[in-house]
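Letters A, B, ... mirror the listed sequences (proteins, then strands); counts begin at 1. Just so you know, these numbers come straight off a predicted model, no measurement behind them.
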Amino acid sequence: MSVNLTQGAVEALLNGSPLNNIVLQLLNIRQVVTGPGPPRFRLLMSDGQHSWNSFLLATQLNHLKEENRLVPNCVCMVKKSIINKLSDGRLVVIVMDVEILQSAEETGGKIGNPTPYNAVGKTSSPQKSASSTSDLPDSSPSAAEPGPSYMYNSTLSPPRGRGREFVEKSPMKASPMKTSWTSPMKTSPMKTSWTSPMKTSPMKTSPMKTSPMKTSPMTTSPMKGTSTSPGSSTMLIANINPYQSKWTIRARVTNKSNVRTWSNSRGEGKLFSFDVLDESGEIKITAFNNEVDKFFTLVEHGKVYYITKATLKVANKQYSTLKSNYEITLHAHSSIVPCDDSQGLPAVHCDFVPIAELENIDVDTLIDVIGICKSADDVSRITTKTSREVSKRALNLIDTTGKVVALTLWGEEAEKFDVSGKPVVAVKGARLSDFGGRSLSALFSSTVMVNPDLPQAFSLRAWYDQEGYALDSESLTQTRSMGSGQKTNWKTLSDVKNEHLGHGEKVLLSVLKVNTLPQGFGVHSGIQRETKNKHRRRRAERMTNAEGFIQSGLVALCSRSC
DNA sequence: CCCCCCCC
């Protein structure tokens, strides 16, 4: 059996050509040093001509390594990758989607005699071993990472009572990471919001780790996984509906709640819910009482299942960002069977809303946002109306629109958040509030992802490190505590002049408190009227200090033209 | 059959 490697692919990739569906041989795989959290695997790949050791497996593909599918000498098709340039100029290739075409046994050894590719454009000296994993500087393994990727879900505490508290569900933190990604993602089309497909080839050599299906939901056994599409055997989530009782979906669990109890006039009981995703869409599934006992431990985040025989009902969109018009309720005859074939199933689906657009979206809408966490409040404890204490922490997220919005995390999620390295934060299903203008709050059902392996995350990282960090950003969220401390972004009057603050639409209210204005700074009489507004006057006073510095944030306070 | 999501 033979496969052809895509000769020249390594060189082309590293010269910036976005290549999809290239066939490479894995020569080595090892874990790079990270802190707690999901491991990162670094791959030495060969196209038969050149090898390159700075391929990184996207963390959502870690299962391929953990299931011993990605072993040295196997031949893979790298279906999708993202090229990143580190601040020191080194290139890393993030493998976003890979399919194993041929096992190591079948391949039988190294193909050809590849030489390590040199980033400068030459192959390195021939005396170096082609299979060495140290043919490139490896002084800081973490520098080859796109960031410590981790994720939490906001979930409820175990069913012990009313004491609801955020619980970090997937503590997948990695070490702090200061890497500066400097290259824009040429291979990251931003148009699509379906990200990080996790396609894997059905492995003939991989025995089923899960128990065989007790029930066969299909006429043709889906366990064979012999075709690249679900074919006639399963239905897509987008196509199921309440009028059709016979359906089976194959889908990945993307969000799983804890068990919760309820008690109301209609009765009491317990439930848990989870979201599942396939290539067509996503849908929420809820299990009650007996079905909780039956399925709670079986259903695992990230895993793929065949799901059949359950009730479809119209979804209440108020509680979900999922696209489906329906949701699923499990019943006594429902079947959930693990599936070994995750081919074609994305890891996550987000419809990120640009931060600047939040101003135009109705309050209480559930939305997905991605941004750089450029700063964060300290964790604080608040007491709720029901006398519970809970931690909270607001993150300030900025995206390429240049606008900032505060996202409040709660409970353990707030306490565990690591702001160092100004990580990319993606939140799925946050609720938009109008506090301070516009702000966001993470919900029990929200998913907060830190440095996720998403093309949008890589793009944002590059944007921020190149230009975004220097932006005089404007926050949609005005907090009363501004101006009270070190978080304040003070500007000198020369900054105001150089950055043309106060020109155009905006007015600088704070200038009112400056005793002596240098040449070139004028105060429009209209401002006096505005300051008669008690609220605004108070803010203006706070935002001006004795040295005649003003705070850039207050530019947003007034929209009257000078 | 839940749908709680907290505070400024």
Side-chain angles (χ1 to χ4, degrees), chain A residues 152-169 255-275 284-292 296 310-322 327-332 334 363-367 376-396 406-415 427-448 475 477-485 487 535 539:
Chain A
Y152 340 68
N153 281 92
S154 305
T155 58
L156 295 174
S157 55
R160 54 178 61 247
R162 292 294 157 106
R164 286 164 181 163
E165 182 75 32
F166 282 104
V167 175
E168 183 180 345
K169 198 170 53 185
N255 201 6
K256 179 191 171 187
S257 81
N258 276 326
V259 178
R260 192 171 82 239
T261 56
W262 88 91
S263 174
N264 59 27
S265 58
R266 280 176 289 193
E268 57 182 64
K270 62 182 177 183
L271 73 139
F272 84 103
S273 65
F274 54 104
D275 300 334
K284 177 180 166 178
I285 302 180
T286 307
F288 293 93
N289 303 318
N290 290 340
E291 284 69 60
V292 173
F296 184 75
T311 305
L312 270 163
K313 61 171 199 171
V314 174
N316 188 339
K317 305 294 264 187
Q318 185 186 346
Y319 304 114
S320 170
T321 53
L322 306 192
E327 58 186 51
I328 292 172
T329 303
L330 301 175
H331 57 63
S334 298
V363 167
D364 288 339
T365 306
L366 298 182
I367 51 165
D377 292 354
D378 294 332
V379 179
S380 60
R381 298 281 288 176
I382 57 115
T383 304
T384 68
K385 288 167 196 151
T386 53
S387 301
R388 280 182 304 107
E389 273 216 4
V390 64
S391 298
K392 69 150 209 160
R393 186 174 199 189
L395 315 181
N396 297 308
L407 165 68
T408 302
L409 305 183
W410 302 95
E412 205 175 340
E413 202 168 58
E415 291 160 11
V427 58
K428 177 176 162 66
R431 197 186 56 192
L432 186 64
S433 104
D434 58 1
F435 177 75
R438 280 287 186 274
S439 53
L440 295 168
S441 181
L443 305 181
F444 294 123
S445 54
S446 304
T447 311
V448 177
S475 181
T477 314
Q478 261 77 50
T479 59
R480 228 144 288 173
S481 62
M482 273 174 84
S484 64
K487 293 184 287 281
H535 186 57
R539 287 197 177 187

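For A:Trp410, counting side-chain heavy atoms from C-beta on, the closest listed nucleotide (B:dC7, B:dC2, B:dC3) is B:dC7. Comparing B:dC7, B:dC5, B:dC3 by their nearest atom to the side chain of A:Lys385 picks out B:dC7.
Phosphate proximity of B:dC3 to A:Arg260: present, with a side-chain N or O under 4.0 Å from OP1 or OP2. Taking 4.0 angstrom as the limit, A:Lys392 places none of its side-chain polar atoms (N or O) nearer than this to OP1 or OP2 of B:dC8. An OP1 or OP2 oxygen of B:dC2 is reached within less than 4.0 angstrom by a side-chain nitrogen or oxygen of A:Asn264. Regarding contacts with the backbone of B:dC7, every side-chain N or O of A:Arg393 stays at 4.0 angstrom or more from both OP1 and OP2.
At least one side-chain heavy atom of A:Thr321 sits less than 4.5 Å from a side-chain heavy atom of A:Lys428. Counting only heavy atoms from C-beta outward, the side chains of A:Leu271 and A:Trp262 approach each other to under 4.5 Å. Between A:Thr286 and A:Lys284 there is a side-chain heavy-atom pair separated by less than 4.5 Å.
Per the geometry, CG belonging to A:Leu271 stands 9 Å off C1' belonging to B:dC3, to the nearest Å. Between A:Leu409 atom CG and B:dC5 atom P the separation is 17 Å, expressed in whole Å. Rounding to whole angstrom units, CG of residue A:Asn258 and C1' of B:dC4 are separated by 13 Å. A:Arg431 places its CZ atom 11 Å from the C1' atom of B:dC4, with the value rounded to the nearest Å. Following rounding to the nearest Å, A:Leu407 (CG) and B:dC5 (C1') show an atom-to-atom distance of 13 Å. What separates NZ of A:Lys284 from C1' of B:dC4 is a distance of 11 Å, to the nearest Å. Counting to the nearest Å, the P atom of B:dC2 and the NZ atom of A:Lys256 are 21 Å from each other. In this entry the distance linking CD1 of A:Ile285 with P of B:dC2 reads 18 Å, nearest Å.
On a pure distance criterion of 3.5 Å, a polar donor-acceptor pair joins the side chain of A:Glu327 and the base of B:dC2. On a pure distance criterion of 3.5 Å, no polar donor-acceptor pair joins the side chain of A:Arg381 and the base of B:dC7.
The ring of A:Phe435 lies on top of the base of B:dC8, close enough and flat enough: under 5.5 Å between centres, under 30° between planes.
For A:Arg438, the salt bridge (Lys or Arg N to Asp or Glu O under 4.0 Å) test picks out no residue, with sequence neighbours left out. The side chain to side chain donor-acceptor pair (under 3.5 Å) test applied to A:Ser441 returns A:Trp410, not counting sequence neighbours.
A cation-pi contact links A:Lys256 to A:Phe296, judged by a cut-off of 6.0 Å to the six-membered ring centre and 45° from its axis.
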- Task: Using Watson-Crick or G-U wobble pairs with both distances under 3.5 Å, give me DNA chain B in dot-bracket, 5' to 3', with [ ] for crossers and | for pairs to another strand.
- Result: ........
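No side-chain donor from either of A:Thr329 and A:Thr311 sits under 3.5 Å from a side-chain acceptor of the other.
Note on A:Thr383: only backbone sugar-phosphate atoms sit closer than 4.0 angstrom, heavy atoms only; bases stay farther off.
The main-chain N or O of A:Val292 is never found under 3.5 Å from a side-chain atom of A:Asn289 such that the two would form a donor-acceptor pair.
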